*Asks:* 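Have a look at the structure that comes next, please.
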Amino acid sequence: MSDKKSNVISLHGHKVAVTTSREAETLRQSQKEFCEQAVRSILHALDCKDHYTYGHSMRVAYYSLTLGKELGLDHEALYNLELAALFHDIGKIAVPDAVLNKPARLTEEEFLVMKSHPSKSAEILKGFAPFEDIALWAKHHHERYDGRGYPDGMKGDDIPLYSRIILIADTFDAMTSTRPYRKGLPYEVAFAELIEFSGSQFDPNLVEHFITAMRREEGKNEQTFKLTIVDGEFNKDAA
Ligand SMILES: [Fe+2]
């Protein structure tokens, strides 16, 4: 029987021999729980640094998952997408508050500091072996479809799928969330913006799927959403 066979699994980068598949499953589960505890601790640090970016990250995860489900991604893919979305802006921890929360236009120098955040996200995440791929997807969430984004100027489908998804979710939240200095745009206006920049900034195929999925979500008339990895209910409306 298969559960009598010995198994070797990878736990925190080390090969560990286990005797049954049930034990292997238990170990995998506890590894996952450890990872999720680490995720919540790191996100708590982000919340302490900048409450807005924390809420933004939750909403970007929700919008990314909405698009991921529309694309028919499987359970594991959605889980990884959620992780990448939750962490995409973690590098903002390294951006000084005066730049991060500046209510006016950034100077050229400040913009350069701000632009370092995707690479910082990758730096923070890649040291933890289970987050190696997450680091890569976070690093590329400001690449543009036409190759004029940063940090690497990647183009089209060379940009990882999850990074292209997160860019749409990220921009949509930036447009629709209300900040102390301006009111968020209505969804339909934000959809029109996404369409306008389809093919230049955004993957046009993903924009189409996103708008379809978001209109369906809107039809549910729900004020809150839940995530898989982070507990609690979050308001769709950012204040
Ligand atoms: Fe970002």
Side-chain angles (χ1 to χ4, degrees), residues 39 42-43 45-68 80-126 131 133-155 158-179 181-182 184-185 190 193-194 197 200-203 206-207 210 227 229-230 234 238:
V39 169
I42 299 166
L43 291 172
L46 177 64
D47 196 13
C48 293
K49 159 78 175 178
D50 182 20
H51 186 64
Y52 172 78
T53 300
Y54 175 80
H56 163 74
S57 302
M58 301 304 121
R59 293 188 300 277
V60 169
Y62 158 63
Y63 296 138
S64 297
L65 288 173
T66 301
L67 175 50
N80 287 328
L81 176 59
E82 182 175 340
L83 274 176
L86 287 171
F87 278 142
H88 76 287
D89 269 350
I90 197 69
K92 286 191 175 169
I93 285 176
V95 176
D97 292 352
V99 176
L100 196 55
N101 299 313
K102 190 175 174 183
R105 203 181 172 83
L106 298 180
T107 65
E108 212 169 300
E109 199 180 323
E110 288 166 341
F111 190 55
L112 279 177
V113 174
M114 189 61 123
K115 275 174 79 175
S116 69
H117 81 270
S119 300
K120 287 283 175 200
S121 295
E123 252 178 69
I124 290 167
L125 298 168
K126 74 180 180 194
F131 291 169
D133 290 338
I134 311 292
L136 187 81
W137 300 326
K139 181 179 179 182
H140 296 298
H141 80 271
H142 279 287
E143 304 288 0
R144 291 172 48 119
Y145 205 66
D146 60 9
R148 291 172 51 231
Y150 56 90
D152 290 348
M154 290 172 112
K155 202 172 176 177
D158 288 347
I159 305 165
L161 172 66
Y162 296 174
S163 309
R164 280 179 274 143
I165 291 175
I166 292 168
L167 175 67
I168 292 172
D170 184 18
T171 313
F172 184 76
D173 186 63
M175 289 192 286
T176 54
S177 60
T178 293
R179 304 302 309 266
Y181 46 90
R182 59 139 182 83
L185 296 174
E193 287 286 310
L194 291 178
F197 293 97
S200 53
Q201 192 171 354
F202 310 112
D203 178 330
L206 293 183
V207 166
F210 180 71
L227 297 170
I229 299 164
V230 186
F234 298 92

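A quick note: this is a predicted structure, and the numbers were derived from the prediction, not measured. Starting from 1, each residue takes its place in the sequence as its number. Just so you know, ligand 1 is whichever comes first in the structure, and atom 1 is the first atom listed for that ligand.
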*Asks:* Which atom, among the N/O/S set of Asp89, is closest to the Fe ion (ligand 1)?
*Replies:*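 Going by distance to the Fe ion (ligand 1), the closest N, O or S atom in Asp89 is OD1.
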*Asks:* Could you tell me whether any N, O or S atom belonging to His141 is less than 2.8 Å from the Fe ion (ligand 1)?
*Replies:*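 Short answer: yes, at least one N, O or S atom is under the cut-off.
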*Asks:* Are Asp158 and Lys155 ion-paired here, with the side-chain N under 4.0 Å from a carboxylate O?
*Replies:*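 Lys155 and Asp158: not salt-bridged.
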*Asks:* Under the criterion side-chain contact (heavy atoms from CB on, under 4.5 Å), I'd like the reasoning laid out for His56 against Asp50: C-alpha separation, chi angles, the key distance, then a yes or no.
*Replies:* CA-CA 10 Å; His56 163 74; Asp50 182 20; over 6 Å; no
*Asks:* So that I can check it, does any N, O or S atom in Asp170 come closer than 2.8 Å to the Fe ion (ligand 1)?
*Replies:*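 So Asp170 does not count as coordinating the Fe ion (ligand 1).
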*Asks:* Salt bridge between Lys102 and Asp97, side-chain N to carboxylate O under 4.0 Å?
*Replies:*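 So Lys102 does not pair with Asp97 through a salt bridge.
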*Asks:* Within 45 degrees of the ring normal and closer than 6.0 Å to the centroid, is that where the cationic atom of Arg179 sits relative to Tyr52?
*Replies:*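 Judged by the rule, Arg179 and Tyr52 form a cation-pi pair.
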*Asks:* In His142, which N, O or S atom comes closest to the Fe ion (ligand 1)?
*Replies:*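 Per the distance ranking, His142 contributes NE2 as its closest N/O/S atom to the Fe ion (ligand 1).
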